[in-house]
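The next block holds one structure in the form of structure tokens; read it before the comments.
Remember, it's a predicted structure, so these values are computed and weren't measured experimentally. In what follows, residues are counted from 1 in the order of the sequence shown. Order of listing sets the numbers, starting from 1, for every ligand and every atom in it.
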Amino acid sequence: MGTVITFANQKGGVGKTTTVVNLGASIAETGRTVLLVDFDSQGNLSSSVGADRSRNGIYQVISGDVSAEEAIQETPQPDMSIIIGGSDLTGASVELVNEDRREYYLREALAPVVDRFDYIFIDSPPSLGLLTLNALVAANHVVIPLQCEYFALEGLTQLLQNIKRVQTSFNKELELFGILFTMYDKRTRLADDVVQEVIGYFGKRVFRTIIPRNIRLAEAPSHGIPVNLYDPACVGTRSYQKLSEEVLNRVKTTTAR
Ligand SMILES: Nc1ncnc2c1ncn2[C@@H]1O[C@H](COP(=O)(O)OP(=O)(O)OP(=O)(O)O)[C@@H](O)[C@H]1O
Ligand SMILES: [Mg+2]
């Protein structure tokens, strides 16, 4: 089965989507196949790869209108595909509330295609609602991106409690795969303090690669391509490539256990 990783943090703007697209592209560059799933009504991930937003997406898949297979689109990055998300997902969380097994919709929707890819990356919205819950139930790993700033840790306890709840009630396989620092600014001492505090608490779960603030990472989405295709030599590209090596090694050691 492919490795399914959900990127979650209910705090907005911490780099979830940026990480999904660029880590996905870096892994696809190594020849592994990657499927991105945009499970956010903002649809930022879909725009980041210039996807056709008029086509069927994950909402139609969980509604049973189309198969996951039919919703897959190619992206500008070879070996990386996407199932798009968008505003119709806002309705999904309301519609699912009264359904039995409402936590399992995404997992079941993706089940027919998980074996086709080496990696499946799920982007989730900035909330701890039913969509994020579905994204956690569908995954075997979760990555928490954290912005290097004072309020970064706010809400982390609540997120970890949600992950525990998913582990005990819905999905025993779910593992905290790693904590990723994003938008690091070496000019601020505060960033270092935050990083040290989190390492003190989570130890090896924190990725050694820290993603710096890099304007190219913010520019690439408006061109509908991942940063490695936009500027192959920039710091943003190199950091996500470094992170991809770390992720691939970590997957190896976790499966070897
Ligand atoms: N390392 C970085 N350097 C510079 N800009 C960045 C970096 N990472 C992300 N950004 C920019 O910061 C903004 C927020 O990032 P992103 O959309 O990835 O966060 P998010 O957690 O997905 O947000 P949301 O919670 O709204 O979905 C975007 O404009 C993005 O381009
Ligand atoms: Mg996002």
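- When the shell of 6.0 Å around CZ of R53 is examined, it contains more than 12 heavy atoms from other residues, nucleotides or ligands.
- Aromatic rings of F207 and F181 (six-membered ring for Trp) have centroids beyond the 6.0 Å cut-off, not under it.
- Taking a 4.0 Å cut-off on heavy atoms, P221 fails to register as neighbouring ligand 1.
- For the pair R205 and F202, the cation-pi test (distance below 6.0 Å, angle within 45°) is failed.
- Of the polar atoms of N214, at least one N or O is found under 3.5 Å from an N or O of ligand 1, judged by distance alone.
- No option in T209, N22, N214, T19 other than T19 meets the side chain to side chain donor-acceptor pair (under 3.5 Å) test with Y240.
- The protein heavy-atom contact nearest to atom 25 (O) of ligand 1 is K16 NZ, 2.8 Å.
- Within a 4.0 Å radius of atom 30 (C) of ligand 1, the protein contributes at least one heavy atom.
- Ligand-side atoms of ligand 1 in range of P212: 1 (N), 2 (C), 3 (N), range being under 4.0 angstrom from any heavy atom.
- Not a single heavy atom of S239 sits closer than 4.0 Å to an atom of ligand 1.
- The shortest N/O to N/O separation between S124 and ligand 1 does not fall below 3.5 Å.
- For G13, a nitrogen or oxygen atom sits less than 3.5 Å from a nitrogen or oxygen atom of ligand 1, counting backbone and side chain alike.
- Of the options E219, M183, R216, the smallest heavy-atom separation from atom 6 (C) of ligand 1 is shown by M183.
- Contact between T182 and ligand 1 is absent, with no heavy atom of the residue lying under 4.0 Å from the ligand.
- Around CZ of R116, the count of heavy atoms belonging to other residues, nucleotides or ligands within 6.0 Å exceeds 12.
- Proximity to V14 (heavy-atom distance under 4.0 Å) selects the following atoms of ligand 1: 19 (O), 20 (P), 21 (O).
- Taking the charged nitrogens against the carboxylate oxygens, R216 and E219 do have a contact shorter than 4.0 Å, which makes a salt bridge.
- The part of D40 lying near ligand 1 is the side chain, judged by heavy-atom distances below 4.0 Å.
- Screening N9, T132, D40 against P126 for a side chain to side chain contact (heavy atoms under 4.5 Å, CB included) leaves a single residue, D40.
- The nearest protein atom to atom 9 (C) of ligand 1, hydrogens excluded, is given as T18 OG1, 3.3 Å; this is a heavy-atom distance.
- Between the S47 side chain and the G43 main chain, a donor and an acceptor come within less than 3.5 Å of each other.
- In this structure, atom 19 (O) of ligand 1 lies nearest to the protein heavy atom G15 N, 3.0 Å.
- Listed by number with element, the atoms of ligand 1 under 4.0 angstrom from any heavy atom of I211 are 1 (N).
- When only interatomic distances are considered, the shortest N/O to N/O separation between T17 and ligand 1 falls below 3.5 Å.
- For G12, no nitrogen or oxygen atom sits less than 3.5 Å from a nitrogen or oxygen atom of ligand 1, counting backbone and side chain alike.
- Remark: ligand 1 and Q42 share an N or O pair separated by less than 3.5 Å (distance only, no angle test).
- Of all the atoms in ligand 1, the ones that sit under 4.0 Å from a non-hydrogen atom of P126 are 25 (O).
- Under the side chain to side chain contact (heavy atoms under 4.5 Å, CB included) rule, L146 has a single partner from L180, L156, T182, V195, which is L156.
- Although no hydrogens or angles enter the test, the distance criterion places a donor-acceptor pair under 3.5 Å between the side chain of Q167 and the main chain of L174.
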Should N228 and Q77 be marked as a side-chain hydrogen bond (donor to acceptor under 3.5 Å, both in side chains) after you check the CA-CA gap, both sets of side-chain angles, and the distance that decides it?
CA-CA 9 Å; N228 59 310; Q77 172 65 47; 2.9 Å; yes
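- The residue from I58, V137, L130 that alone fulfils the side chain to side chain contact (heavy atoms under 4.5 Å, CB included) condition with L106 is I58.
- When distances to the Mg ion (ligand 2) are checked against a cut-off of 2.8 Å, N44 contributes no N, O or S atom below that limit.
- Counting the atoms of ligand 1 from 1 in the order shown, those under 4.0 Å from a heavy atom of A218 are 5 (N), 31 (O).
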